[in-house]
Amino acid sequence: MSVFYFVAFLSIFFALMTIFTKNPVHSVLYLVITFFTFTVHYILLNAQFLAVVNFIVYMGAIMVLFLFVLMLLNLNKDTEPLKSNLVKFMGVIAGMCLLVTLAASFRLLQISDPVVLKNPDIGLVSNLGKVLFSDFLLPFEISSILLLTAMVGAVLLAKNDPKKV
Amino acid sequence: MIDLIWLIPLLPLVGFLLNGLGRNVLSKPLVGLLGSGVVLASFLLSCGVFAEVYTARQAGEPAVFIQSVFEWIAAGSLEVSLSFLVDPLSAIMLLIVTGIGFLIHVYSIGYMKHDAGFAKFFAFLNLFVFFMLVLVLGSNYAVMFIGWEGVGLCSYLLIGFWFKNKEFASAGKKAFVMNRIGDLSFLIAVFLIFNTFGTLEFTGVFPQAAGMAMGDTTLLLVTLLLFVAATGKSAQIPLFTWLPDAMAGPTPVSALIHAATMVTAGIYMIARSNILFTLSPVTLQIVAAIGICTALLAAAIAITQNDIKKVLAYSTVSQLGYMFLGLGVGAFTGAFFHVITHAFFKALLFLGAGSVIHAMGDEQDMRHMGGLKKHLPITYVTMLVATIAIAGIPPLSGFFSKDEILAHAFSANKLLWVLGFVGALFTAFYMFRLLSLTFFGKFRGTTEQADHLHESPASMTVPLIILAVLSAVGGLLNVPSALGGGQALANFLSPVFADSAAVTGPFHLDHSTEYVLMAVSAVGAIVMAVVAYRQYAVKGTVPKADDAPRGVLAKLSYHKFYVDELYDTLVVRPLNALSVFFYRIVDRAGIDGLVNGLGKRVGESAQGIRLLQNGNVGSYIFMMVIAAVLILAFGVFNG
Amino acid sequence: METIVQNIQGVPLNHYILFCSIIFTIGVMGVLIRRNVIIIMMSVELMLNSVNLLLTAFSVHHGDAAGQVFVFFIMALAAAEVAVGLAIIVMVYRNTRSVDINALNRLRG
Amino acid sequence: MSAIITLSLLAILVLYLGLFKARRALLPVSLLGLVATVVLYGVQWGKTAEPLYSGMVLFDHFAVVFSVVCVILTILVLLLSKDYFDKSSPHVAEYYALLLFSLTGAVLVVSFHNLAMLFIGIEIMSVALYILAGIRKKDFASNEAALKYFLMGAYSTGFLLFGIALLYGASGSFDLAAIKEYVVSNPQGISPLFYAGILLLIVSLAFKLGAAPFHFWTPDVYDGSPILITIFMATVVKTAAIAGFLRLFYFCFIPLQDFWVPVLLVMTIITLFVGNLTAIVQQSVKRMLAYSSISHAGYLLFAIVAIGATSANSVLFYVTAYSLSTIIGFGSLILVKRATGSEHFEAFNGLAKKNPYLSLAIAIAMLSLAGIPLTAGFVGKFMMFSGVLADYQVLLVVLAVINAAMGIFYYFRVIVAMYFKPLDRDAIVVSGPYRVVFFLAALITLLLGVYPAWLTGLI
Amino acid sequence: MDNLFILLLIPVLGAIALAFVRQPRAAKQLALLVSLISVAATIPFLVNFVPDASMQFEQRFAWIPALGINFHIGIDGISLPLVLLTNGLIPLIILSAFSYEYKGGLYALVLFMQAGLLLVFTALDAFAFYVGWEVALIPIYFICALWGGENRIRVNIKFFIYTFFGSLLMLVAIIYLHVQVPSGDYELSSFYQLALDASTQRWIFWAFFIAFAIKMPIFPFHTWQPDTYTEAPTAGTMLLAAIMLKMGVYGLIRWLIPIAPLGVAAYGQLALVLCIIGVVYASIIAFKQNDAKRLIAYSSIGHVGLIGAGVFAWNVQGLQGAIIQMVNHGISVLGLFFVADILIRRLGTRDLAAMGGIAKSAPALAIMFLTIVMGAIGLPVTNGFVGEFLLLIGIYQYGIWYAVFGGLTIILAAVYLLRMYQKVMLGEPNAQTSGFADVSGTEWIVLAVVVVLVIGIGVYPKPLLGISEAAVTELINKVSLVK
């Protein structure tokens, strides 16, 4: 139980670091750590498949992509012109408001059932695979279109057109 | 003959149409012939109708004939048919309108000979006769109103006949508008009558009214409204100022419309509605008061006027005042009698004045006349007759009619008689002043005018002579019993006023008193005539120039008591200012400004909202977060 | 494994939700207070991840695998989105030499 | 289902055609494919629909009709695309493919029966558009539009997902039928999570629809994107968004309408005012049309505020009318911009003198957008108003009326410019496909305006 | 031949045909032909009309079945005069445009508008009514904005938004009523049968009233009107003033009062007072106007105010007066604007101060103008009198003071119209007006027809009154307003 709270604390801490650190590269690194804590959460929930995917896709692919772009564009220095403190303050206040209203609307202060792992198998690859390829076959197939779109698009946009139009 | 009533008004209408449409085709003589011919035909028909009425009266019948032409307006319980009513009252009016109308048509052939709008003139004149006949013949208030307004229109057209002169045109407009004020009152009265009696037919209204109580409020209202209408048409205080201005029209017009016929419509209408008035004594008192005031005021103005037609115009107003006085004191027959005699001599006076003006080459200022006696003998003689008649010197017609009114006034209220007598003195004075200044003394015009002086052609003088005869003997129609007369007119008209007479009882005045009154007024008139003659004919006094200094009273009189100016300040200018105020301030700046301002506000608020769209993703997202927070907050309180 | 799993037993569901909400809010705040487009994108990733965890928690709570499958789709989306997003950023950077969102306010009003 | 497959395959085929430089075949093939899709949908019409693929999609009449509308609108857009892309870059095939992908997403959005499909559909649709918005790579406006659209779109996706997660958390399923079952079966015990989920879904769907206060992306993105893409966004995407919105809420959330209708009510009012007021002060026709599309989103929301059996028909009619007019509006802007280089109202000056028929079509479009009778736009508004009034939302309609009157002001500016302002240039050349599109759109607008029964009882 | 659809179709088809005619001469002739065919097509309706309270020549088909909308039209005694007015005046309006070289577009719009007007006057279905209402608006907007004066754009957009806003409010009310109808349709008869509670009727009243008041226009909703009339081309002004504003009055009679009698009971007096204020207010403003068209525009506000007051008085006389006065006002105002057009066309100015003495060189024009003026100021034996007489008698029964103030119009109208007549026709001719050509050709025809109608209806209004008598009586009996 306490593990959860500890990891959760870490997650929040590094998430905050991510958004408050000036240097973008540091941000990315903090984000990686945050994602790592998420992986821990998945493991705690016995969602093994997701833990693995999260580890690979997020920490691996996506984060690397971010870093890559940062480096590509040579943005590793903290050159970002900071928003004025007022804007920051407003942003934080707005975020807090959002949190409060979210919490209030979920009635989070009421006592709720504990999370109980009724079926330890659901997070396992075999089980998930079954669901994915039976019930969720169509979305699975369709998401290929999404990825294809993204691929085509990314190439289209990022490519430096040789011909100047 | 009675079946042909509808032809009486129709003929002049036909004349109007023919002359109006063919004005470029028909030759002048033909136009004249046509114009007068149709009126003559109407006159002959009227004579026939009159004869039948007369016969019926002799047989002791009330002699009321109604002829319905077609249903005009019908809506719900309101049914107005275009129908004509002939009774003794309208029969006489028919004769006056067509008879004098015919004479004036004939006169106009000569008078207007050189005018470019000859055919137009005759067309309008015919149209006028048509409307006047409709007024007279109408068997209900609505049809009467047709004529009532129609004559106003013709008056407008004819006053502004020489429209190129702006003032003439304005005079026409003034006449029309002032008449319309009365007309509105007439209309409201009509509505009130309809609401009260459920009909507008005279034969339906009067019997019902006769059954109502004395001093009934509705009747009071109706009669007051009708009286206001009459003040407009018959030029009484406060709506009299148009009549003197109306002299802008050609003189035959002044004679026909503004002396003999149209202006008496008010008296005719009240005489028609006599039972309504008899039953509301308050109105009658007001009528009498207004009548006498008008008579005096106009007479006082007439004394100092120098324009020959203006004098006659004020004289007309004054005489009309007498007629109202007569109505007010219940002398319906007397008032109507005065209508008749006045028609004779006032038409004659105007035509005579026209003859003078004609001879003088359109000069109207008496200060430039004088000594015309020898150049215009017929005109002089006929006008002399008319002057004596209007001055109330026996035995000419005016004496009898005026005397009857004064006798009634005396029995009603001594003060009214005194005032009426004073007015009669004024009348004698200004009429003889006019006569003296015009025909006696030395000629004061230019030599050019002197060379031009000539007696008018026969077409003009013959009507003068006929009218002179009528003016002279018209009084015989209703010689009072005190003088051994048979009161023929009164007897003839008695069914018309029967209801009123039943209410008021028979009029009675000692013969001795009557003799005294007659003597006093006759002597007074003769004295004033002599005074005027001595002053202006013998001494040869010429009225002062316009800008010469005058005494206060003379100045007031000369400037017509500043009534026009008063109206201008009190009504016309404020209205015009109001118009500008309404337009510029209320309409454009106010209401329209409000509308436009609304548009502007919309634009401004749009600019405000536009600021939110500042192109900054951060702020967009910020606002989205705020919105999401609000929505969730709503969920918290509502969920 | 069992022991690890044991650890989770007893954590109220509300706490999961609260935790995910906090992370989500941090993501939102990140979007609000940063001007660097890349970091904004990373903040969005934070938001998505919080949802992922939430779904997983619900999935476990309900004993239903669909939630976890859904997380899988979200990850696919995240990948696609990052690819496209970064491509756009690269393109924009080529033109403007900046990844500052405030520099992009030509279109407004 | 075969239609969706056809669409996806068509897109891929187009990509291949691009690969083999079969440039001239692109348009015909795309059109042919789309027509085939329509036919396939037509075949499906009238059959009793069952949820397919474990309840992932449901091709009921609603789905079929809206899909067909989306496809037909895409056909019209593609017709306008002839020689449009050629001028901007060599990768024409990719653009077609992306458009078709996006259309696929849109079609999924209108036929989903599972939140997963909704989510994926929206994302396919959006991601393709993020790219398309930026295809003018050297154009700052295009860049900015792409980035803004992307950032805010991704952000709103977060809300969408959070909402879906909450719904799942409460109901334990992504399936619409199950969710509905959850709502119906325990009316008292609905979890607060579920309510919050609805609200978050409203936020994200309102974003996709472009309803205030989540509309901020709309003007900038519409303005910055290439006009053709704007047309697609303003028509197909909007159609899909409102249809998906309606489908979800009609299917699942009707029993809870007392809870969420007030929220939408307020949003609708704000949307109307923001859209109309801001449109009044625009100088650019493109931006004006963008704001007008916001205000139309407001009118579309009427159907959801007054959600009921007639909503779908109202939305169908409204969206058809709106889309046809929008196509004419933006389409003519392409021509005008080509001729004058400007998107301002002044660019339309005197158009009627030399291009009377083009002007007539534009005028009809503007009148339709303004909601003048005998155009489809009027019937659409009418249906919306009647729906809302049946729910006794008199205040909303009165406010809408004020907005409709404001709308006149800016729509008529175009007409004023075309008809009443002096001419200062030569006639604009209108190529064949444009003529066809304008003619068809104007004709349908009028026909539907005169005899709306063709479309009013479809669903 | 008495199929009402034909009546509606003729102008529509004519409009479509004319839209493609570019040659002015051909356009003129074709337009005239079409309008005359319309006139001819109207005759069977007049002949076959039975002057009772029933609805006749009814035609209907399901228009939008899904929404319960029918295309349902018919004619009764209240609508027939207006149908006659519309079809009778359109040829005159077309003729009056003959002096200009318009292409087919103008005539197409005129005819299109005619169709809309006819639909308004015959519609028995609220939706159809509304459609006609708006359809009449579009062409007139284009007519005014395409061929109008300098400020036409600004003025017309205001006009359009103003009236459009009003009619949208009406639309709201219509739909609301529809929702209440048990049978779920938009039929007028269904609306009549609704017995809504008082508070509903009150807002329904305002929704309808504002729409109609703007159209008529009633003070203080009138400020679009003088500008629009002034800036519009004469054909447009004629359409606006002679026919279109009757839509508002007709709406009051047909829709507002029978549907919301309780609303009228609550606010009818206020409405009547507004009408009367309009009469006096507009008339006084007209005193000092020096712009010929603007003057007539204000006069129109005054006259229409009286009509409105007659309607709100809600008795047989008032209503009959309103109906016949609608026709009369249409005729008179058409004549007035046509004369104004002749003046403006020949002199190139609308300024009365620059005119004068025209009667000398154009006597025919002067006389016809005077006749029309007299009709407008309600002189007996002109049409205006019949209307005003009935109106005032109706208003009188509502309250004497209303009649007094309303009746002021007969004085005030005389003041400003005679002032206008004087400024234009009388006085010495100046340099511009001395060579003024008298009426000729088509001008003659138009004016002669107007003059004949002015006098004809004034002398023998019974046939016209007879048409509506039964229907009006029935309506009054059916809908009683409790004061």
Side-chain angles (χ1 to χ4, degrees), chain A residues 1 3-4 8 11-12 15-16 18-19 24 27 31 38 41-47 50 53 57 61-62 65-66 69-70 73 75 80-81 83 88 91-92 94-95 98-99 102-103 106 108 112-119 122-123 127-128 131-132 136 139 143 146-147 150 153-154 157-158, chain C residues 4-5 7-14 16-19 21-23 25-26 28-30 32-36 38-39 42-43 45-46 49 52-53 56-57 59-61 63-66 68-69 71-73 75-84 86-91 93-94 99-100:
Chain A
M1 211 172 145
V3 180
F4 165 74
S11 302
I12 293 170
L16 286 172
T18 311
I19 64 165
S27 273
L31 189 62
F38 272 77
H41 279 296
Y42 291 132
I43 294 171
L44 284 177
L45 285 166
N46 201 21
L50 286 184
V53 172
V57 173
I62 297 181
L65 203 55
F66 272 111
V69 172
L70 275 177
L73 302 183
L75 295 173
E80 180 189 359
K83 283 197 175 179
K88 272 192 176 170
V92 173
L98 182 66
L99 180 60
L102 275 176
F106 299 156
L108 284 182
S112 74
D113 306 334
V115 177
V116 181
L117 194 59
K118 293 168 190 154
N119 177 3
I122 53 165
N127 188 36
L128 278 183
V131 178
L132 187 59
F136 285 82
S143 41
L146 178 61
L147 294 171
L157 290 182
Chain C
I4 297 174
V5 172
N7 269 326
I8 201 68
Q9 304 288 3
V11 176
L13 181 63
N14 272 357
Y16 264 102
I17 301 173
L18 183 63
F19 168 62
S21 300
I22 290 170
I23 300 290
T25 310
I26 291 171
V28 170
M29 268 161 46
L32 285 179
I33 62 176
R34 297 305 292 257
R35 290 171 67 171
N36 188 324
I38 295 177
I39 296 187
M42 290 172 10
S43 303
E45 293 304 323
L46 263 182
N49 263 281
N52 286 352
L53 186 58
T56 315
S59 164
V60 170
H61 184 68
D64 174 34
Q68 298 195 26
V69 173
V71 172
F72 177 72
F73 291 130
M75 286 178 178
L77 162 85
E81 219 170 52
V82 166
V84 170
L86 288 175
I88 291 175
I89 290 170
V90 169
M91 175 183 74
Y93 186 80
R94 277 205 195 112
V99 286
D100 179 5

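Every value quoted in this text rests on a predicted model; they were computed, and no experiment measured them. Letters A, B, ... mirror the listed sequences (proteins, then strands); counts begin at 1.
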Q: Just jot down the side chain to side chain contact (heavy atoms under 4.5 Å, CB included) partners of A:Ala154, sequence neighbours excluded, or say none.
A: C:Ala83, C:Ala87
Which atom pair, heavy atoms only, marks the closest approach of [X] to [Y]?
{"X": "A:Pro24", "Y": "C:Asn36", "result": "CG-ND2, 3.8 Å"}
{"X": "A:Gly95", "Y": "C:Met29", "result": "CA-CG, 3.6 Å"}
{"X": "C:Ile39", "Y": "A:Ser27", "result": "CD1-OG, 3.7 Å"}
{"X": "C:Arg34", "Y": "A:Thr18", "result": "NH1-O, 3.9 Å"}
{"X": "C:Met75", "Y": "A:Leu50", "result": "CE-O, 4.2 Å"}

For chain A, find which of [options] contributes the most heavy-atom pairs closer than 4.5 angstrom.
{"options": "C:Leu77, C:Leu53, C:Leu18", "value": "C:Leu53"}
{"options": "C:Asn49, C:Val90, C:Ile22, C:Val82", "value": "C:Asn49"}
{"options": "C:Glu81, C:Met91, C:Met42", "value": "C:Met42"}

**Q.** A:Ile19 CD1 to C:Ile33 CD1 distance, which is reported to the nearest 0.5 Å
**A.** 4.5 Å
Side chain proximity check, [X] to [Y], heavy atoms < 4.5 angstrom:
{"X": "C:Ile23", "Y": "A:Ser11", "answer": "yes"}
{"X": "A:Tyr42", "Y": "C:Val60", "answer": "no"}
{"X": "C:Phe72", "Y": "A:Phe136", "answer": "no"}
{"X": "C:Leu86", "Y": "A:Phe66", "answer": "yes"}
{"X": "A:Leu99", "Y": "C:Val28", "answer": "no"}

Q: For chain C, find which of A:Ala94, A:Pro139, A:Ser143, A:Ala103 contributes the most heavy-atom pairs closer than 4.5 angstrom.
A: A:Pro139
(Q) Counting heavy-atom pairs closer than 4.5 Å to chain C, which one of A:Leu147, A:Leu132, A:Leu98 comes out on top? (A) A:Leu132
Is [X] close to chain C through its backbone or its side chain, or both, or neither, when contacts mean heavy atoms under 4.5 Å?
{"X": "A:Leu65", "result": "both"}
{"X": "A:Ala61", "result": "neither"}
{"X": "A:Leu102", "result": "side chain"}

Q: Taking side-chain hydrogen bond (donor to acceptor under 3.5 Å, both in side chains) as the test, write out the residues that go with C:Asp64, two or more places apart.
A: D:Tyr168
Q.
Under the criterion side chain to side chain contact (heavy atoms under 4.5 Å, CB included), I'd like the reasoning laid out for C:Tyr16 against A:Leu45: C-alpha separation, chi angles, the key distance, then a yes or no.
A. CA-CA 11 Å; C:Tyr16 264 102; A:Leu45 285 166; 3.5 Å; yes
Q. Taking the six-membered ring for Trp, are C:Phe19 and A:Phe4 parallel (under 30°), tilted (30 to 60°) or perpendicular (over 60°)?
A. perpendicular
Q: Heavy-atom distances under 4.5 Å only: say whether C:Thr56 touches chain A with side chain, backbone, both or neither.
A: both
